Every structure is written in C-alpha cells, then in structure tokens.
Peer 1: 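Structure incoming, see below.
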Amino acid sequence: QRQIMFALLFNGFFFVLLASGLLAQLPNEPDIAVSFDVNLDGTSAMQYQYAELSMTARFNVMFENKSGYDCILYWVDDIDEQQQQQQRVWQADMAFPSVTNVETIPGHIFIFVLSSDPSTVLYRVRMSPYIDVVTLLRTEQMNAIDAHNKEQFYKAYYLQTGKRWKNYYPRNALRWPYLNATHIGQRITRVSQHSHVYAMDNAMRATLIDANQTFSQQLRAYKQQSTVASSQAQISDIEHHTFA
C-alpha cells in the first residue's frame, strides 16, 4: 500500500509538471484535457485529448452553395408563440455557385431555401461549435447524409486533432488500385467502368456556363479596378514627392 501511495503522489506531481509544460508550449493551440491513470500495480499511463469547445462562444462558419440552384440563406429565429411559426432572418442571397461567411453561436438554426420558391427548404442545419463549413450539395447527396453521425464525426475529429473538419462529409472511401505483377517488363491494362464526370442535363450545363461567365466578368472588372486604383496611387505618390 505504501508503494502504491508513493506512486500516486509521485505520478500526480509529474502529471502537474507535464500538463503545465504542455499548455505553456502551446499558447496558440486549443486547450488540452489531460488524464493520468494509475493502476494498482503502480504502473501509469497518460491520456489526453483536446478539450471540448464552448457552447456559448461566437465563431465563424462558411456556407457554400454547390447544389445547382440559386438559394437564399436564412437564420431561423425562435418560434413565435402567437403565430405558431418560425421567423426567418435573411443572411445572404446565394446564387449557384457562391460562398458566404456568417458569425454565429452554437444552437443557431440556418436554412437554405430556393430563390424561386422560398417555401421550399433544401437544407436545415443546427450550429455546433465543431462545424467550420456547411456545404449544400445536390439533393440526392444531402439526403444520404445522416445529420447525427455527421455531428458526432465533427466532434470526434476535433477532440482528436484540435482542428475543425474542413472537407466534405462523408468522404469517399480511399481506393488503392494496386496491381500484382508476375515478372519484370509485364504490361497490365486496366479498364474502369466508372466515369470521372457527372452527367448533366442541358439546364444544369447552361447554369454552369452562365455562372462561370458571370464570375469571369466580375473577376475581370475587379482586376481592372485594382489596376486603375494602383496606378492612381502611384501617380499620387509621385506628385507628392515632386511638389512636397
């Protein structure tokens, strides 16, 4: 018993020093929750993970529209007791494709609705502190996503890595097309039955073309404005040095 008590005291003191050192060396990293388990035989093992995020702190979320439809993003306010309906607060007009950033807190609810028919809700999401990006994909893709499993995955990923998940969910399973060769110089021909391009109807194709043309025009206009503004700034700087 004395040996066990001594091990507990020694390991507890060592744990305090180690935990304080970890936190001191990571000033810009997320908080770390550390646990130190001591077995009855005196052996010990340290386990740690990133601490859970606050459920009240504000954070930024990126919303992406990759659905193929022009949408409107709303924040849904609390239920109105008298009118028995939820009040929508406009956040952004999100033509396809587009991206916007919104500052929010955990528990807030956002919805994507069709611009042409605001009564049609394409997607509804409740904010979690572990969400970094909300992507609206095609309808069949969104219907295949389990919202509960997605939220649990986001949280588990953060607790393990200290970073929010930024990729699509769920990701396609990795495939390793390794082929077994029997001798040097052997030539193996492989044929895939899967296309890398999704089939698009004429309406979708026209939407993509129009969106790309609009984006190109906006980018070209922005570059021209930036060039003019830069030239004017240089001229102003020259005049300042000439006449000062």
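Note that the structure is a prediction, hence the values are computed from the model and not measured.
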Peer 1: Same cluster or not: M55 versus M127, using hydrophobic residues (I, L, V, M, F, W, Y) connected whenever any side-chain heavy atoms lie under 4.5 Å apart?
Peer 2: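 The answer is no; the residues belong to distinct hydrophobic clusters.
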
Peer 1: Would V125 and I109 count as a side-chain contact (heavy atoms from CB on, under 4.5 Å) here? Give the steps.
Peer 2: CA-CA 6 Å; V125 58; I109 299 174; over 6 Å; no

Peer 1: For Y130 and K163, which I'm curious about, is there any donor-acceptor pair between the side chains at under 3.5 Å?
Peer 2: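 Side-chain D/A pair, Y130 to K163: absent.
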
Peer 1: Going from NE2 on H108 to CD on Q91, what distance comes out if it is rounded to the nearest 0.5 angstrom?
Peer 2: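 So the gap between those two atoms works out to 9.5 Å.
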
Peer 1: L136 and side-chain contact (heavy atoms from CB on, under 4.5 Å): which partner among F63, Y123, F96?
Peer 2: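 That would be Y123; it is the only one of F63, Y123, F96 passing the side-chain contact (heavy atoms from CB on, under 4.5 Å) with L136.
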
Peer 1: Quick one: closest heavy-atom pair of N167 and Y154, and the distance?
Peer 2: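 In this case the closest contact between N167 and Y154 is O-OH, 4.5 Å.
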
Peer 1: Any link between M62 and F59 through a network of hydrophobic side chains (Ile, Leu, Val, Met, Phe, Trp, Tyr) touching at under 4.5 Å?
Peer 2: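 Cluster IDs for M62 and F59 differ.
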
Peer 1: Distance check, rounded to the nearest 0.5 Å: R138 atom CZ versus S67 atom OG?
Peer 2: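 Reported value, rounded in 0.5 Å steps: 10.5 Å.
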
Peer 1: Provide the closest heavy-atom pair for L137 versus Y168 in the form atom of the first, atom of the second, distance.
Peer 2: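 Reported closest heavy-atom pair: CD2-CE2, 4.1 Å.
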
Peer 1: Between V113 and V99, is there shared hydrophobic-cluster membership here, with clusters defined by ILVMFWY side-chain heavy atoms closer than 4.5 Å?
Peer 2: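 V113 does not cluster with V99.
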
Peer 1: Mind checking what makes ring pair (Phe, Tyr, Trp, His ring centres under 6.0 Å) contact with Y69, not counting sequence neighbours?
Peer 2: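 Not a single residue meets the ring pair (Phe, Tyr, Trp, His ring centres under 6.0 Å) criterion with Y69.
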
Peer 1: Would you say that N143 contacts I145 through its side chain, given a criterion of any heavy-atom pair below 4.5 Å between the two side chains?
Peer 2: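 N143 vs I145: side chains apart.
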
Peer 1: Write down the atom of D146, the atom of H148, and the distance for their closest heavy-atom approach.
Peer 2: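 Heavy-atom minimum between the residues: OD1-N, 3.0 Å.
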
Peer 1: Give, for atom NZ of K66 and atom OG of S98, the distance between the pair rounded to the nearest 0.5 Å.
Peer 2: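 Here the rounded value is 11.0 Å.
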
Peer 1: Do V121 and F112 make a side-chain contact, defined as non-hydrogen atoms from C-beta onward lying under 4.5 Å apart?
Peer 2: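 Heavy-atom side-chain distance check fails, nothing below 4.5 Å.
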
Peer 1: Enter the distance from L114:CG to D117:CG here, rounded to the nearest 0.5 Å.
Peer 2: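 So the CG of L114 and the CG of D117 are separated by 6.0 Å.
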
Peer 1: Is it true that E52 and K155 make a salt bridge, defined as a side-chain N closer than 4.0 Å to a carboxylate O?
Peer 2: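 Salt bridge between E52 and K155, a charged N being under 4.0 Å from a carboxylate O: yes.
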
Peer 1: Any chance you could measure Q87, atom CD, to Y74, atom OH, to the nearest 0.5 Å?
Peer 2: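 That separation rounds to 12.0 Å.
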
Peer 1: Going by the rule salt bridge (charged side-chain N to carboxylate O under 4.0 Å, His left out), which residues pair with R58 if we only count those two or more places apart in sequence or in a different chain?
Peer 2: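 So R58 forms a salt bridge (charged side-chain N to carboxylate O under 4.0 Å, His left out) with E103.
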
Peer 1: Between I131, V102, N101, V133, which is the residue that forms a side-chain contact (heavy atoms from CB on, under 4.5 Å) with V61?
Peer 2: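 So the option named by the test is I131.
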
Peer 1: Start with the C-alpha gap between W165 and F153, add the side-chain angles, then the distance that decides, and say whether ring pair (Phe, Tyr, Trp, His ring centres under 6.0 Å) holds.
Peer 2: CA-CA 9 Å; W165 180 260; F153 171 82; 5.0 Å; yes

Peer 1: Do the non-hydrogen side-chain atoms of I111 and R88 ever get within less than 4.5 Å of each other?
Peer 2: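 Touching, per the 4.5 Å side-chain cut-off.
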
Peer 1: Give the minimum heavy-atom separation between P106 and S54, together with the two atoms involved.
Peer 2: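 That closest heavy-atom pairing would be CG-O, 3.9 Å.
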
Peer 1: Which heavy-atom pair separates I72 from S115 by the least distance, and what is that distance?
Peer 2: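 Shortest heavy-atom contact: CG1-OG, 3.7 Å.
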
Peer 1: Compare every heavy atom of I105 with every heavy atom of T56, then report the nearest pair and how far apart it is.
Peer 2: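 That would be O-CG2, 4.0 Å.
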
